[in-house]
Every structure is written in C-alpha cells, then in structure tokens.
Amino acid sequence: MATDAAALPVAADDFATRLLRWFDVNGRHDLPWQHPRSAYRVWVSEIMLQQTQVRVVVPYFERWMQALPNLADLAAADADTVHALWAGLGYYARARNLHAAARRCVALHEGALPRDIEALLALPGIGRSTAGAILAQAHGLRFPILDGNVKRSLARYHGIRGWPGTRAVELELWALAEAHLPQTRLADYTQAVMDFGATLCTRQNPACVLCPLQDACVARREGATAEIPAPKPARTLPQRETTMLVVIDTDGRLLLERRPPAGIWSGLWSLPEAADADAAHRALARHARVEFDAGEPLPAIEHGFSHYRLRIQPVLWRGAGPIDRVAEDGVRWQPLAALDQVGLPAPVRRLLGGIAVS
DNA sequence: GAAACGTGGAG
DNA sequence: TCTCCAAGTTT
C-alpha cells in the first residue's frame, strides 16, 4: 500500500466524476439495448455479453428481440427456438439459463425480473456482476459490476499486480469497485466504466494520453500498464479426437442428433458422434434400416476450444434410396435446404459448408 | 480453487 | 498460423 500522499489515487468521487465526464463525450450511447432500456433487454444483453464482445452480440440481440420482445415471450418459447436464436454465440448454458430464469420469473416474480439483489442472484446464469449491471442499468440502483474491463481498469489505476483470477485479488477489486460508485447516475456510470475499459484502457496499447485518470493512475506512473493485470498462467491444451457422421438420404435430408445434456454443445442439434469410423458405422445402423458401406472419409477439421483442441473426422454416407427412418427421440432428418433453421455448433456448420451437400 | 463452457476478433 | 481472450457463471 502506498504511503506518501502523492502516490495515492484521487478521491473516489473524483474517479467517478472524471469517468462520467469522459463518458458524456466519448461513451457508447446508441447500443441497441439502450433504446429502449428495459430490465428484460438489459438482462438479455448482459447474458449475451458474458465473455463475448459487443460487435458479436449486436446482431444476435436484434434477432432475439425480434423473435422474443419481452420476458413473457421467452418464457413461452420452446427450447429449440431458444437454442436456434443462440446458435453461434457459444456458451449455450447461457441460453438455457435465460430460458429457465424467465419461466421462474413468471412463476415466482409476477412475470418480471426481480429488483432485489438476492432474488436476482438466485436466478440461473446471473452472478454478482450481471446482477449489479441489471440493477444499475435498468433501475439506477447503486451496485457495482466487475467484468474484465473494470478489473483491468481498477488493477491499473490502483497498481494491483496480482492475477485477478485469485480469490484475494478478486475480493480486493470488488471492494474498490464498490468504493468508487457515485451517488447518482448509476446507469451511466456502469456504462462508463465498461466503455472506458473496452475503448481506452484496453488490454494492449491503452490510450493513456487520452485518459481522464492518467495523473492518478499507478500503473501509468510506474510504466506498468503492460504488466497489469497479470495474464492467466498458460498451459498446453489437451488434444481430443472424434468422428462425426454425415448421413444424407436421397431426399436431401441430413441426419441430426441432439447432444447429450452434459458436456460440449449440450442440448444442441448436431451431427451424430462416434469414437471412430467403425463405431460410426455401427451407430448408423441404429438410425436407418439400410445396408451401408464403410462410408467416405472427408477432410478432418481442427477446432480450438478454451480448454482443449478437437480434431473432427467426418465420414460421409449418401443413401441409395430414401433411408428408412427409425423413430427415436433426439434424432431428426433435416432438409439440407432448411439447415439454417437449426442451431448447429459453429464447427459443424463450417464442416458442412465445406461439403458439396447438394 | 480449478475446470468446464464457445466463438470470433485482434495482434 | 497461433495465442490470447472478451460485458462471467456454474459445478
């Protein structure tokens, strides 16, 4: 902790005041969830924005609101509709949690998102930061957020050099986020700290020369903006392999299977998966009563996840005639012409795009 | 506390 | 091409 007065940051009031003044001129004031601003729209945007950048979210948000303009619509929607609207955004548990939370709001909170912090935190998918963002942005209540932008900004401003992934640093940052809260304009302030981190106090090459806090920033003074916050400890990603079946009948339909409830892409429609080509061949017999040859191996694709690297080996079968279908839950034959109506995982879409399916 | 959970942008 | 990681939460 700094001891000499010159090393101390400006007062908390000043921090918020400067940030708000900066925000009025340089902030983002025309994001789609700001006009109109409702608790439902703020909520959906906050969930979509978890670990996801604004420019990626915007088109998904617009499409979502077109289909499900209010909470009651979401609660009444079926799971496949929700999945299809989310497909491509990733972290699909967010969509399932959103759906489940909307239904809980209808059952327990008179069809609206609660304004109470504890009730909000009890809803699936809403943690402390998201709850704070909803309360501050939708209702102007005095709650802090602590997303990646705020963590980075506060760590630099206060010269906190530890990795924010540790409990101690995280708690310290929460305390600072709370201490800096202004007494008014909480919605604007919340947007201001996020805009500040996203556009000025960026991970690389922060624009310190334009910063309204530059004279009080510890990292700036110590020339340590590149070292703060400390990066996550690196590790080598494990490699996994899988085989996926591309089965097309002569009616131009593709065999899809619902992913199991746990694990990657859970609940989404996808290509049937097997451990290897032989297992894929055997699996095929479960879905279609036709004799098949060994199938045609297609070029494999590599896909990097956050925690492992996956090599997908597709194997193609084309039916000699319309394939006799076995009725089974979690299986469907989807016309290739209507494939975009299904929420398929991104690598699967890419894989299919590389095949002359028609 | 660590691991799981997706995708696309940026350097 | 490859690494890092972005408006985090859950188990």
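Every chain is numbered from 1, with letters handed out A, B, ... down the list of sequences.
You'll find that the side chain of A/Arg55 is closest to B/dA10, out of C/dA6, B/dG11, B/dA10. Of all nucleotides listed (B/dG11, C/dG8, C/dA7), C/dG8 comes nearest to the side chain of A/Ser129. Minimum atom distance to the side chain of A/Tyr92 is reached by B/dG6, of the listed B/dC5, B/dG6, C/dC5. For A/Gln53, the side-chain atoms get nearest to C/dA6 when compared with the rest of B/dC5, C/dA6, C/dC5. For A/Ser306, counting side-chain heavy atoms from C-beta on, the closest listed nucleotide (B/dC5, B/dG9, C/dA7) is B/dC5. You'll find that the side chain of A/Pro231 is closest to C/dC5, out of C/dC5, B/dG11, C/dT10. The side chain of A/Arg167 approaches B/dG1 more closely than any other nucleotide in the set C/dA6, B/dT7, B/dG1. The side chain of A/Ile264 lies closest to B/dC5 when the candidates are C/dC5, B/dT7, B/dC5. Distances from the side chain of A/Val56 to the nucleotides B/dG8, B/dT7, B/dC5 place B/dG8 closest. With B/dA4, B/dG6, C/dC4 as the candidates, the nucleotide lying closest to the side chain of A/Arg240 is B/dA4.
Donor-acceptor pairing under 3.5 Å, judged by distance alone, is absent between the side chain of A/Arg235 and the base of B/dA2. Between the side chain of A/His307 and the base of B/dA3, no donor-acceptor pair of N or O atoms lies under 3.5 Å. With hydrogens and angles ignored, a donor-acceptor pair under 3.5 angstrom links the side chain of A/Thr52 to the base of B/dG6.
At a threshold of 4.0 angstrom between heavy atoms, the contacts of A/Val54 include nucleobase atoms, whether or not backbone atoms are also involved. A/Glu302 comes within 4.0 angstrom of nothing in the nucleic acid, heavy atoms only. Note on A/Gly304: a base of the nucleic acid sits closer than 4.0 angstrom, heavy atoms only. When heavy atoms are screened at a 4.0 angstrom cut-off, A/Ala346 is found touching the sugar-phosphate backbone but no base atom. Within 4.0 Å of A/Trp33, counting heavy atoms only, lies at least one base atom of the nucleic acid. Nucleic acid contact class of A/Gly165 (heavy atoms, under 4.0 Å, all strands): none. Within the nucleic acid shown, A/Ile126 comes within 4.0 Å of sugar-phosphate atoms alone, with no base atom in reach, counting heavy atoms only. In this structure, A/Leu121 reaches neither bases nor backbone, as no heavy-atom distance under 4.0 Å exists between it and the strands shown.
A ring-centre distance under 6.0 Å is not found for A/Trp265 and A/Tyr91. Aromatic rings of A/Phe61 and A/Trp33 (six-membered ring for Trp) have centroids within the 6.0 Å cut-off, being under it. Side-chain rings of A/Phe23 and A/Tyr189 stay apart, their centers remaining 6.0 Å or farther from each other.
Remark: C1' of C/dA7 and CG of A/Leu135 are 15 Å apart, rounded to the nearest angstrom. Summarising the geometry, the separation between CD on A/Gln50 and P on C/dG8 is reported as 7 Å, rounded to the nearest angstrom. As rounded to whole Å, 18 Å separates atom P of B/dT7 from atom CD1 of A/Ile47. With rounding to whole Å, A/Trp163 atom CH2 is found 10 Å from B/dG1 atom P. We find that NZ of A/Lys151 is positioned 7 Å from C1' of C/dG8, with the value rounded to whole Å. Rounded to whole Å, the distance from CZ on A/Arg28 to P on C/dA7 is 8 Å. The separation between A/Gln34 atom CD and C/dA7 atom P is 15 Å, rounded to whole Å. A/Asp195 places its CG atom 16 Å from the P atom of C/dA6, with the value rounded to the nearest Å.
Of the two residues contacting DNA chain C, namely A/Phe305 and A/Gly125, the nearest-nucleotide position lying further toward the 5' end is that of A/Phe305. If A/Ala262 and A/Tyr60 are placed on DNA chain B by their nearest nucleotide, the residue sitting closer to the 5' end is A/Ala262. When each of A/Leu49 and A/Asn97 is assigned the nucleotide of DNA chain C with its nearest heavy atom, A/Leu49 is the one assigned upstream, toward the 5' end.
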Audit row: A/Gln313, A/Glu241, side-chain hydrogen bond (donor to acceptor under 3.5 Å, both in side chains) steps and yes/no: CA-CA 8 Å; A/Gln313 174 62 65; A/Glu241 290 189 20; over 6 Å; no
Full working for side-chain hydrogen bond (donor to acceptor under 3.5 Å, both in side chains) between A/Thr242 and A/Glu273: CA-CA 7 Å; A/Thr242 189; A/Glu273 191 181 6; 2.6 Å; yes
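Because its NZ or CZ atom is both nearer than 6.0 Å to the ring centre of A/Trp269 and within 45° of the ring axis, A/Arg332 counts as a cation-pi partner of that residue.
Atoms OG and CZ, from A/Ser45 and A/Arg37 in turn, are 10.0 Å apart once rounded to the nearest 0.5 Å.
The side chain of A/Arg94 places no N or O atom within less than 4.0 Å of a non-bridging phosphate oxygen (OP1 or OP2) of C/dG8. At least one side-chain nitrogen or oxygen of A/Thr130 sits closer than 4.0 Å to the OP1 or OP2 atom of C/dT9. At the phosphate of B/dT7, neither OP1 nor OP2 sits under 4.0 Å from any side-chain N or O atom of A/Trp86.
Note on A/Asp147 versus A/Arg152: no salt bridge recorded, every NZ/NE/NH1/NH2 to OD/OE distance being 4.0 Å or above.
Distance check on atom P: C/dA7 versus B/dA3 gives 24 Å, rounded to whole Å.
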